[in-house]
Protein chains: 2
Amino acid sequence: MSVSLRPSEALALWHDVTLDLVRDGSHDFSSRQITILLTIYLEQPPHTVRGLAAKLNVTKPVITRALDTMGALDLVTRRRDEKDMRNVIIQRTVKGALFVEKMGDVIVARAKELPR
Amino acid sequence: MSVSLRPSEALALWHDVTLDLVRDGSHDFSSRQITILLTIYLEQPPHTVRGLAAKLNVTKPVITRALDTMGALDLVTRRRDEKDMRNVIIQRTVKGALFVEKMGDVIVARAKELPR
DNA sequence: TCCGATTGTTACGGAGGCGTTATAGTCTTA
DNA sequence: TAAGACTATAACGCCTCCGTAACAATCGGA
């Protein structure tokens with residue numbers, strides 16, 4: 001086990017980071033969308049619609065729609081699985097990687113500024 | 001300065017917590033809604049529509065609508081400011097406090113479980 | 001007292017997400 | 001090879017949110 005945080009600090013961190021994301025104003029993602037994006041970029045590939053749906057405990061159309069949205073923003077791409085043409089493999093993009101990386105920087109910065 | 005976090009840890013934390021929130025399945029709040037809720041519960045009162053709009057860098061109707069939604073869920077209440085009847089004072093509720101508290105616990109727990 | 005400024009809300013048409021259900025394409029196996 | 005299982009997506013009606021603009025209520029100063 002690793003990062004030691006008091007509840008008040010945890011909430012202050014969450015507040016500060018989401019505030020930054022909102023103020024930035026580029027997007028207003030839901031928790032589902034954020035989770036999908038981070039799962040794709042943090043967990044081991046390959047990622048499929050079915051896999052994500054099971055992991056997040058939501059229906060498959062929810063994943064499809066989120067991928068449509070993120071795909072339109074070029075944060076994510078899809079291609080058919082050559083081994084099993086029923087599957088769709090979800091892939092990362094440069095733009096998505098930059099977005100996630102930036103998000104990590106924001107969290108780190110806000111954690112550092114946290115009063116104690 | 002306080003909490004020391006590497007970018008990979010920060011993102012993993014964010015992922016784990018949002019995943020918990022999504023899996024729970026009770027709500028699917030946007031970043032805006034989360035930020036509004038946390039601001040009300042973490043920052044010093046009084047909170048007004050105008051004040052929140054300015055702080056989050058969004059328009060006032062956005063705040064009004066978010067308060068409508070959160071109010072319907074009993075996470076927040078409003079009353080008129082007696083000193084200046086143009087203002088609306090946004091107030092906390094027991095249910096809202098519990099929700100935020102639970103969220104803090106989730107973050108703390110996930111931070112503790114973070115592999116290092 | 002009135003008139004401009006300020007506050008929060010409502011109205012509007014549009015965009016996007018929801019859950020459910022139906023569908024097309026692909027695999028598997030009997 | 002034919003039937004059934006499985007994958008992802010499309011279609012449906014509903015609901016919520018969006019930004020802009022108009023609005024009613026209230027305040028404060030000339």
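- Counting only residues at least two apart or in different chains, salt bridge (charged side-chain N to carboxylate O under 4.0 Å, His left out) contacts with residues 100-111 of chain A comprise Asp20(A)-Arg110(A), Arg110(A)-Glu113(A).
- Within the structure, the side chain to side chain donor-acceptor pair (under 3.5 Å) test picks out the following pairs touching residues 56-78 of chain B (sequence neighbours left out): Asp68(B)-Arg78(B).
- Regarding contacts with the backbone of dG8(C), every side-chain N or O of Arg78(B) stays at 4.0 angstrom or more from both OP1 and OP2.
- Across the protein-nucleic acid pair, Asp84(A) atom CG and dT26(C) atom C1' stand 7 Å apart, rounded to whole Å.
- One N or O on the side chain of Arg92(A) and one on the backbone of Ile40(A) form a donor-acceptor pair closer than 3.5 Å.
- Looking at residues two or more places apart in sequence or on another chain, you find a ring pair (Phe, Tyr, Trp, His ring centres under 6.0 Å) between Phe29(B) and His27(B), Phe99(B).
- Of the two residues contacting DNA chain C, namely Arg80(A) and Val49(B), the nearest-nucleotide position lying further toward the 5' end is that of Val49(B).
- Distance, Leu67(B) CG to dT16(D) C1': 15 Å, rounded to whole Å.
- Side-chain atoms of Arg80(A) come within 3.5 Å of backbone atoms of Arg86(A) as a donor-acceptor pair (strictly under, hydrogens ignored).
- Going from atom CG of Asp81(B) over to atom P of dC27(D) covers 9 Å, rounded to whole Å.
- In this structure, Leu52(A) atom CG and dT7(D) atom C1' are separated by 14 Å, rounded to whole Å.
- In terms of the side chain to side chain donor-acceptor pair (under 3.5 Å) criterion, residue partners of Glu43(A) (sequence neighbours excluded) are, by chain and number, Lys55(A).
- Residues forming a side chain to side chain contact (heavy atoms under 4.5 Å, CB included) with Ala12(B) (at least two apart in sequence, or on another chain): Leu114(B).
- Clustering of Ile, Leu, Val, Met, Phe, Trp and Tyr by side-chain heavy atoms under 4.5 Å joins Met85(A) with none of the others.
- One atom, NZ of Lys60(B), and another, P of dA24(D), lie 15 Å apart when rounded to the nearest Å.
- Applying the under-4.5 Å side-chain rule to Ile, Leu, Val, Met, Phe, Trp and Tyr, the cluster around Ile89(A) consists of that residue alone.
- Remark on the helix from dT1(C)-dA30(D) to dA30(C)-dT1(D): inter-end axis angle 10°, axes from five-pair C1' superpositions, rounded to 10°.
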Study note, to complete from the structure: In 5'-to-3' order, the base (B), backbone-only (S) or no-contact (-) status of each nucleotide in nucleotides 12-24 of chain C, using a 4.0 angstrom heavy-atom cut-off, is -----SBBBB---
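- Listed by chain and residue number, nothing satisfies the side chain to side chain donor-acceptor pair (under 3.5 Å) test with Asn87(B) (two or more places apart in sequence, or in another chain).
- Within residues 86-93 of chain A, the residues approached by DNA chain D to less than 4.0 Å at the level of any non-hydrogen atom are Arg86(A), Asn87(A), Val88(A), in residue-number order.
- Grouping Ile, Leu, Val, Met, Phe, Trp and Tyr by side-chain contacts under 4.5 Å, direct or through others, puts Val94(A) with Leu98(A).
- Dashed line: the shortest gap from a side-chain N or O of Thr64(A) to OP1 or OP2 of dA8(D) is not under 4.0 Å.
- Counting to the nearest Å, the P atom of dC27(C) and the CD atom of Glu82(A) are 10 Å from each other.
- Between the CG atom of Asp68(B) and the P atom of dC18(D) there is a distance of 11 Å, rounded to whole Å.
- Atom pair Arg50(A):CZ and dA5(D):C1' shows a separation of 12 Å (rounding to whole Å applied).
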